[in-house]
Number of protein chains: 2
Amino acid sequence: MTHISTGVEYGLHCLLYLVNLPKGISNPSVRDLAELQGVPIEYLAKVFNKLRKAGLVNATEGVSGGYRLARPSENITVLDVVRAIDGQKGIFDCKNIRGRCAVFIGQSSAWASQGTCKISSIMYEAQTRLEESLAMHTLAHLTYQVIASEPVEHQDSVMTWLQRRRQYRH
Amino acid sequence: MTHISTGVEYGLHCLLYLVNLPKGISNPSVRDLAELQGVPIEYLAKVFNKLRKAGLVNATEGVSGGYRLARPSENITVLDVVRAIDGQKGIFDCKNIRGRCAVFIGQSSAWASQGTCKISSIMYEAQTRLEESLAMHTLAHLTYQVIASEPVEHQDSVMTWLQRRRQYRH
DNA sequence: GCGATGTTACTCGGATACTAACTGTCCGAGTAAGCCAGG
DNA sequence: CCTGGCTTACTCGGACAGTTAGTATCCGAGTAACATCGC
């Protein structure tokens, strides 16, 4: 389907709420984040598990556990998040068509397999441009942009929502 | 799976053999190209059908029919081919998570839906870089590179292969 | 000799499997904080 | 007091179902070049 999965979309949106968390608020749990964003809980849990394995977030278990960023948001790029969740997959998968050419019937055509296929070179170069672009954006920068585009009171509303959810569990 | 399909790979490899076709050789058919490259015939037929609808190649029907480039190879970019075959699909599909936030319970949150989501902006910018990179390569340039990387006699071998296939049909 | 007919090799287009990946759900296990009772 | 067990709300991890997109195959229809046959 799409090259960047919805898991990345869920993850990024939720990660933004882990940036600049006030001291008074404990680490949000997956349930907190999922219900806040309106995304499926169990699926988001898998996403955050991948983020943890990639070393982007830390998890504390047990009651009042939750997630927090493993390093400063300035040091986490969008590319980091994409790779953590979707894996390091390419936009193109070279099938090495060169080696199948009918003119060399039988013999394995030594030259056709050596070096990289020019077509895949073009694709991989394009992918590099894509990833360079993603790597230019950090969570810090992204959060700044998002908050700037929201009404000023919204961020406070979210924080009190998170706090209430911790106080009156169900 | 991959953002750029194997159909594109098949199509590109076959299109290269339509560039700089000597006058003596008639338009190759899909069967010619498919067997030359070792790719499934019927699937390649669909690929070339898309290329035709996109105006990149022209088809002549009937016996001794086949395909030829619709315009000079300098004016056909890799991006043209990708879009013709895979359609103009994005690497990302924004689900508009913003509008689902739990803090505005019920009311539709006017501000959350206006403007573009910052996250999708990043993704679409990255896609633009990707497409810019693909658009920099023309079929002419690509063909030149490929031929330069092959033994000099290979191109002749292919041409005689095509010619024989036309003479002794089966 | 010449026109009608048939054959062949194409493209065109729809219908249909098969496979893999993405998305989402369910459930059991381990873990830590807080509470509570029993010594 | 305080120590051990219980409850609770988390994360962790595997298994699995539903859906979708990509890949591939099959078949019928239309088309044009060419050969063949009958007049």
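In what follows, every chain begins at residue 1, and chains take the letters A, B, ... in the order their sequences are listed.
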Undergrad: Kindly compute the distance separating CD1 (A/Ile41) from CD (A/Glu35), expressed to the nearest 0.5 Å.
TA: 4.5 Å
Undergrad: From C-beta outward on B/Glu61, which listed nucleotide comes closest to its side chain: C/dA33, C/dG30, D/dG30?
TA: D/dG30
Undergrad: Between CG of A/Leu130 and NE2 of A/His3, what distance do you get to the nearest 0.5 Å?
TA: 6.5 Å
Undergrad: Check whether A/Asp156 reaches the backbone of A/Glu153 with its side chain - one donor and one acceptor, N or O, closer than 3.5 Å.
TA: no
Undergrad: Which of parallel (below 30°), tilted (30 to 60°) and perpendicular (above 60°) describes B/Tyr124 and B/Phe92?
TA: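 B/Tyr124 vs B/Phe92 ring planes: perpendicular.
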Undergrad: Rounding to an integer number of Å, can you tell me how far B/Arg31 CZ sits from C/dC12 P?
TA: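 Between P of C/dC12 and CZ of B/Arg31: 16 Å.
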Undergrad: Roughly how far, to the nearest 0.5 Å, is OG of A/Ser133 from CE of B/Met123?
TA: 10.0 Å
Undergrad: Would you say D/dT11 has OP1 or OP2 under 4.0 Å from some side-chain N or O of A/Asn49?
TA: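 It does not, given that no N or O in the side chain of A/Asn49 lies less than 4.0 Å from OP1 or OP2 of D/dT11.
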Undergrad: A/Leu18 has an atom CG; how far is it from atom P of D/dT11, in whole Å?
TA: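 For the pair A/Leu18 CG and D/dT11 P, the rounded distance is 11 Å.
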Undergrad: Taking ring-ring contact (aromatic ring centres under 6.0 Å, His included) as the definition, give me every residue that meets it alongside A/His137, ordered by chain and number, with sequence neighbours left out.
TA: none
Undergrad: Base contacts versus sugar-phosphate-only contacts with protein, heavy atoms under 4.0 Å: please encode nucleotides 21-28 of chain D as B, S and - from 5' to 3'.
TA: SSSBBBB-
Undergrad: Rounded to the nearest 0.5 Å, how far does SG of B/Cys94 lie from NZ of B/Lys118?
TA: 12.0 Å
Undergrad: Heavy atoms under 4.0 Å, any strand shown: does A/Phe48 hit a base, just sugar-phosphate, or nothing?
TA: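 Nothing, no nucleic acid heavy atom in range.
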Undergrad: Looking at every strand, decide which applies to B/Lys50 at a 4.0 Å heavy-atom threshold: base, sugar-phosphate, or nothing.
TA: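 The residue B/Lys50 makes no contact with any strand.
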Undergrad: For A/Asn27 and C/dA33, what is the distance between atoms CG and C1' respectively, to the nearest whole Å?
TA: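 To the nearest whole Å, that distance equals 14 Å.
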Undergrad: Let me know the distance between CD of A/Glu9 and P of C/dC22, rounded to the nearest Å.
TA: 15 Å
Undergrad: Before accepting this row, confirm whether a basic side-chain N of the pair A/Glu131/A/Arg83 lies closer than 4.0 Å to the acidic partner's carboxylate O.
TA: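 Yes.
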Undergrad: Taking only nitrogen or oxygen atoms into account, show me every contact under 3.5 Å that the protein makes with nucleotides 17-19 of chain C, one pair per line with its distance.
TA:
none

Undergrad: Show your reasoning for whether side chain to side chain contact (heavy atoms under 4.5 Å, CB included) applies to A/Glu74 and A/Leu139.
TA: CA-CA 6 Å; A/Glu74 294 86 6; A/Leu139 282 193; over 6 Å; no
Undergrad: Tell me: CG of B/Leu51 to C1' of C/dC12, nearest whole Å?
TA: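 That distance rounds to 15 Å.
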Undergrad: Indicate whether OP1 or OP2 belonging to C/dC12 is found under 4.0 Å from a side-chain N or O atom of B/Arg52.
TA: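 So the side chain of B/Arg52 is within the cut-off, an N or O lying under 4.0 Å from OP1 or OP2 of C/dC12.
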